[in-house]
Amino acid sequence: MNPYDVNKVREDFPILKRKIYGKNLVYLDNAATTQKPQSVIDTVVKYYSESNSNIHRGVHYLSQEATVVFEEARENIQQYVNAKEKKEIIITKGTTDSINLMANSFGKKNVNEGDEVIISALEHHSNLVPWQQLCKEKKATLKIVPVNDQGEFLFDEYVKLLNSKTKLVTVSHVSNALGSINPIKEIIEKAHEFNIPVMIDGAQGISHCSVDVQQLDCDFYAFSGHKFYAPMGVGILYGKEKYLEEMPPYQMGGEMVDQVSFEKTSFNELPFKFEAGTPNVEAVLGLNAALEYIKNIGMENIARHENKLLNYATQELKKIDGIRFIGEAVNRAGVISFLIGDIHPFDAGTIIDHFGIAVRTGHHCAQPILDHFNIPGTVRASFAMYNTIEEIDLLTTTVKQVKTMFE
Ligand code: PLP
């Protein structure tokens with residue numbers, strides 16, 4: 001779409017017409033989940049209205065039809081992230097599920113007593129707890145790359161942690177709490193000098209940046225559909241074939257098997273080896289529709305628009321006396337986290353909500369990074385392709401009112 005027309009984009013998202021407490025909805029909680037365009041909603045409804053049946057199993061017409069569109073969706077996802085092979089695209093329930101697959105499969109196979117796994121201080125609990133528990137179980141050590149007071153990944157400290165005991169580096173592309181964009185290309189290159197594989201938690205990255213897994217040369221990339229204008233309950237784990245082939249299955253059940261007897265089981269080939277049970281077919285088709293929608297708008301256009309919103313929000317909120325930004329990384333995407341004087345973020349969020357504005361308050365499932373700043377939480381406004389400058393003005397006015405109320 002050139003030039004970018006945000007009002008035209010908004011027309012595609014029916015929920016944006018909703019009133020909340022009699023006011024127009026201003027949805028600024030996109031880091032938690034994005035809204036869905038009509039084409040995604042229609043795809044889900046159409047699937048249930050016309051094609052619903054289980055995939056990969058039936059010889060009947062509907063089953064075969066559903067299987068074909070499901071596998072076409074996988075191929076489109078492969079092309080979108082530029083994976084070399086279709087079988088490198090594993091369908092999961094979301095980023096959390098993808099990372100648990102990694103910890104339980106890659107981790108249990110490769111991480112042993114005395115080994116190390118590296119994460120950063122910016123991680124969402126989803127990319128922390130599975131590794132922490134694995135390390136505990138295996139008597140391995142979780143190493144944390146620190147950040148500076150702007151919330152930026154400290155690359156020199158990271159390099160110091162890499163050694164022959166490191167079995168995996170796993171870091172977020174974009175921090176959900178602060179919006180910092182990590183230098184993932186350089187992180188990957190450096191780890192590869194030590195032959196260490198790297199997983200990227202792309203839960204936030206995928207919706208703000210173009211992702212080319214071959215160009216990044218990442219070994220794994222995980223993301224969720226619902227933060228990317230697609231339905232909930234679907235996610236992706238991209239992995240290089242050479243690693244996925246060696247990894248044992250994570251969950252057991254139907255579809256991931258080849259031959260089963262009471263004595264033994266042989267497993268299906270990639271990607272099915274990691275896809276036990278009936279998948280969320282309608283959500284996969286919805287993800288496919290979201291990809292088409294995003295491709296039509298253009299990720300560069302989306303990123304440019306969101307960047308404009310972020311800069312404007314920073315500039316306008318900065319004018320408010322007593323506002324404190326948490327995380328001011330030079331490279332940032334989609335997220336602005338702040339505190340208003342001594343007002344508890346929960347109180348601020350509750351009042352802001354009464355003006356029809358949805359922001360997030362709390363620790364954003366990233367408690368350690370807020371501990372770093374010695375605060376219990378923040379107010380977080382996060383932007384998507386359909387947000388407007390006028391909405392930022394409303395947020396700024398409301399924040400000023402919150403401040404006045406507490407004075
Ligand atoms: N990683 C990051 C950076 C996130 O922002 C989130 C969700 O907010 C997750 C992981 C977990 O994603 P999901 O809840 O979709 O599995």
Side-chain angles (χ1 to χ4, degrees), residues 27-36 40 77 90-104 119-133 144-145 147 151-153 168-184 187 198-209 211 218 220-238 250-251 274 279-280 283-284 286-287 290 306 326-327 329 331-337 358-370 377-378 380-384:
Y27 186 77
L28 298 176
D29 193 19
N30 295 287
T33 197
T34 53
Q35 300 302 345
K36 322 303 172 200
V40 169
I77 298 161
I90 313 293
I91 311 277
T92 67
K93 295 203 294 276
T95 310
T96 305
D97 193 34
S98 299
I99 298 173
N100 274 278
L101 188 166
M102 279 295 292
N104 282 285
I119 63 168
S120 87
L122 285 165
E123 299 315 310
H124 187 280
H125 298 162
S126 291
N127 195 30
L128 187 171
V129 183
W131 303 112
Q132 180 191 62
Q133 296 305 307
I144 319 290
V145 181
V147 293
E152 291 169 317
F153 183 95
L168 182 74
V169 172
T170 173
V171 292
S172 51
H173 189 167
V174 174
S175 152
N176 68 306
L178 311 182
S180 322
I181 304 178
N182 285 325
I184 55 171
I187 291 172
V198 180
M199 179 172 84
I200 303 299
D201 169 355
Q204 300 295 334
I206 194 78
S207 51
H208 302 298
C209 314
V211 172
C218 57
F220 301 95
Y221 193 99
F223 63 93
S224 303
H226 73 97
K227 293 178 194 288
F228 194 44
Y229 309 99
M232 293 184 171
V234 62
I236 299 299
L237 175 66
Y238 156 78
Y250 157 48
Q251 289 178 328
F274 293 111
N280 201 340
V284 173
L287 175 55
E306 289 172 348
I326 308 299
N331 278 324
R332 211 145 47 97
V335 168
I336 187 159
S337 248
V359 289
R360 195 67 155 197
T361 57
H363 56 57
H364 318 302
C365 295
Q367 267 172 295
I369 191 62
L370 297 180
T378 70
R380 181 187 73 184
S382 52
F383 308 118

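These figures come from a predicted structure and were not determined experimentally. Remember, it's 1-based here, ligands and their atoms both numbered in the order they're listed.
- Side-chain contact of His364 with Thr378: a donor-acceptor pair under 3.5 Å is present, judged by distance alone.
- The closest approach between Asn127 and ligand 1 stays at or above 4.0 Å for every heavy atom of the residue.
- Contacts of Lys227 with ligand 1, taken as heavy-atom pairs under 4.0 Å, involve the side chain alone.
- Heavy-atom separations between Met232 and ligand 1 are all 4.0 Å or longer.
- For Gln132, the side chain to side chain contact (heavy atoms under 4.5 Å, CB included) partners two or more places apart in sequence, or in a different chain, are Leu128, Val129, Leu142.
- Qualifying side chain to side chain contact (heavy atoms under 4.5 Å, CB included) partners for Ala230, counting only residues two or more places apart in sequence or in other chains: Leu287, Ala290.
- Looking at Leu101, Thr170, Asn104, Ile99 one by one, the single match for side-chain contact (heavy atoms from CB on, under 4.5 Å) with Pro130 turns out to be Ile99.
- Those atoms of ligand 1 that come under 4.0 Å of a heavy atom in Thr95, given as number and element, are 10 (C), 12 (O), 16 (O).
- Near Ser224, the atoms of ligand 1 lying under 4.0 angstrom from a non-hydrogen atom of the residue are 12 (O), 13 (P), 15 (O), 16 (O).
- Heavy-atom contacts of Gln204 reach the following atoms of ligand 1: 3 (C), 4 (C), 5 (O), 8 (O) (cutoff under 4.0 Å).
- Annotation: Ser126 places no N or O atom under 3.5 Å from an N or O atom of ligand 1; distance criterion only.
- For ligand 1, the polar-atom distance check against Asp97 finds no nitrogen or oxygen pair separated by under 3.5 Å.
- In this structure, Ala222 and Leu237 approach most closely via the heavy-atom pair CB-CD1, 4.2 Å.
- Annotation for ligand 1: atoms under 4.0 Å from non-hydrogen atoms of Thr96 are 11 (C), 12 (O), 13 (P), 14 (O), 16 (O).
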